[in-house]
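Fair warning: this is a prediction, and the values are worked out from it, not measured in the lab. To find a chain, count down the sequence lines: A is the first, B the second, and so on, and within it residues start at 1.
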Amino acid sequence: AQRVTQPEKLLSVFKGAPVELKCNYSYSGSPELFWYVQYSRQRLQLLLRHISRESIKGFTADLNKGETSFHLKKPFAQEEDSAMYYCALSPPTSGTYKYIFGTGTRLKVLA
Amino acid sequence: EAQVTQNPRYLITVTGKKLTVTCSQNMNHEYMSWYRQDPGLGLRQIYYSMNVEVTDKGDVPEGYKVSRKEKRNFPLILESPSPNQTSLYFCASSLVRGNEKLFFGSGTQLSVL
């Protein structure tokens with residue numbers, strides 16, 4: 001079954017510390033993977049997607065097909081990074097177009 | 001401004017009273033979908049639509065209906081709401097190509113008493 005697992009509900013780090021939000025997926029194939037972010041009182045928005053391989057707001061994510069992981073990383077956390085983060089999987093276009101989201105990780109960056 | 005518009009933002013209703021949550025996008029997107037967000041469960045897909053008159057079930061479709069008569073609109077219908085449908089609902093849209101990002105609406109907080 002297709003599944004996205006985010007094992008941490010809450011992650012608290014101090015400002016300036018490194019951050020890693022974990023995401024593991026279950027999919028028999030090569031899915032498209034995304035990280036979405038929801039800041040307080042704002043809409044969900046795309047943070048990054050693995051296909052573009054770009055770094056946004058200092059965040060990066062590397063797809064590890066062997067471990068089926070797509071962890072989100074940032075070397076130095078900022079207070080404005082406090083938000084809810086969702087990892088998402090989308091099967092390649094093949095007749096189905098479901099998005100599967102993880103349960104989310106709330107990141108709190110402490111001053 | 002390119003966006004997804006949901007209405008209403010907040011809705012309180014009673015069990016069994018039919019309601020519709022509207023969703024509209026102005027980006028000419030083919031793909032539209034509905035999600036519910038519940039604490040500890042994250043976002044779960046209710047229904048999605050690949051284009052006009054093409055809809056399919058997501059992971060939690062029970063108790064919901066959708067229609068896609070026009071490309072820009074994708075309303076979510078609760079024929080007989082129940083308290084377990086109390087949730088935060090999001091509509092989203094995207095182009096139908098590989099790797100396209102979802103654009104989300106601002107959400108509808110529904111309470112069914």
Side-chain angles (χ1 to χ4, degrees), chain A residues 1-10 21-26 29-54 56 61 63 70 83-106, chain B residues 1-7 9-10 23-25 27 29-51 54-61 66 68 74 87-109:
Chain A
Q2 300 162 5
R3 187 167 56 243
V4 174
T5 303
Q6 292 179 252
E8 302 134 332
K9 285 188 177 181
L10 173 65
L21 301 171
K22 291 184 168 49
C23 172
N24 289 91
Y25 66 91
S26 172
S30 297
E32 308 304 336
L33 287 154
F34 307 82
W35 276 98
Y36 284 84
V37 61
Q38 189 176 27
Y39 299 105
S40 179
R41 294 195 177 90
Q42 293 188 28
R43 306 173 184 226
L44 271 153
Q45 56 188 288
L46 180 71
L47 182 62
L48 57 82
R49 48 188 160 177
H50 107 265
I51 192 72
S52 62
R53 304 185 71 80
E54 58 187 300
I56 298 172
L63 176 61
F70 190 57
M84 192 75 177
Y85 291 80
Y86 289 97
C87 183
L89 173 160
S90 177
T93 305
S94 60
T96 63
Y97 214 76
K98 286 186 176 183
Y99 272 84
I100 301 161
F101 284 81
T103 50
T105 298
R106 182 167 297 282
Chain B
E1 181 189 354
Q3 62 179 352
V4 178
T5 303
Q6 281 181 242
N7 280 299
R9 288 294 306 273
Y10 302 93
C23 175
S24 179
Q25 51 89 8
M27 296 169 280
H29 285 167
E30 298 93 350
Y31 179 85
M32 297 185 75
S33 58
W34 277 102
Y35 303 84
R36 57 179 291 173
Q37 184 183 40
D38 301 290
L41 297 177
L43 281 161
R44 293 180 292 168
Q45 192 170 38
I46 302 171
Y47 270 96
Y48 65 96
S49 170
M50 299 284 282
N51 214 324
V54 180
T55 63
D56 206 350
K57 296 178 181 178
D59 293 321
V60 288
V66 292
R68 188 89 182 275
F74 190 47
S87 187
L88 179 58
Y89 291 86
F90 289 100
C91 179
S93 72
S94 77
L95 292 165
V96 175
R97 301 199 279 248
N99 321 318
E100 290 303 318
K101 70 176 183 179
L102 289 170
F103 288 81
F104 281 88
S106 52
T108 296
Q109 180 65 59

**Student:** Tell me if the aromatic rings of B/Tyr35 and A/Tyr99 count as close, with their centers under 6.0 Å from one another.
**Tutor:**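 No; A/Tyr99 has its ring centre 6.0 Å or more from that of B/Tyr35.
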**Student:** With only heavy atoms counted, which part of B/Phe90 is less than 4.5 Å from chain A, the side chain, the backbone, both or neither?
**Tutor:**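 When you check distances to chain A, only side chain atoms of B/Phe90 fall under 4.5 Å.
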**Student:** Any idea which of B/Gln37, B/Lys57, B/Arg44 has the most non-hydrogen atom pairs under 4.5 angstrom with chain A?
**Tutor:**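 Heavy-atom pair counts peak at B/Gln37.
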**Student:** If you tally heavy-atom pairs under 4.5 Å against chain B, which of A/Met84, A/Arg41, A/Arg43 wins?
**Tutor:**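 Heavy-atom pair counts peak at A/Arg43.
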**Student:** Under 4.5 Å, counting heavy-atom pairs only, tell me which of B/Ala92, B/Pro39, B/Gly105 racks up the most with chain A.
**Tutor:**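 Heavy-atom pair counts peak at B/Gly105.
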**Student:** Search all heavy atoms of B/Tyr47 against all heavy atoms of B/Pro61 and return the closest pair with its distance.
**Tutor:**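 In this case the closest contact between B/Tyr47 and B/Pro61 is CE1-CB, 3.6 Å.
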**Student:** Minimum heavy-atom separation for A/Cys87 to A/Gln6, with atom names?
**Tutor:**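 Looking at all heavy atoms of both residues, the shortest contact is N-OE1, 3.0 Å.
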**Student:** Which bit of B/Leu41 is near chain A, if near means a heavy-atom gap under 4.5 Å: side chain, backbone, both or neither?
**Tutor:**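 Looking at B/Leu41, just its backbone touches chain A.
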**Student:** Which heavy atom of B/Val4 sits nearest to which heavy atom of B/Ser93, and what is that distance?
**Tutor:**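 Smallest interatomic distance, heavy atoms only, reads CG2-OG, 3.5 Å.
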**Student:** Start with the C-alpha gap between A/Tyr36 and B/Phe104, add the side-chain angles, then the distance that decides, and say whether ring pair (Phe, Tyr, Trp, His ring centres under 6.0 Å) holds.
**Tutor:** CA-CA 10 Å; A/Tyr36 284 84; B/Phe104 281 88; 5.7 Å; yes
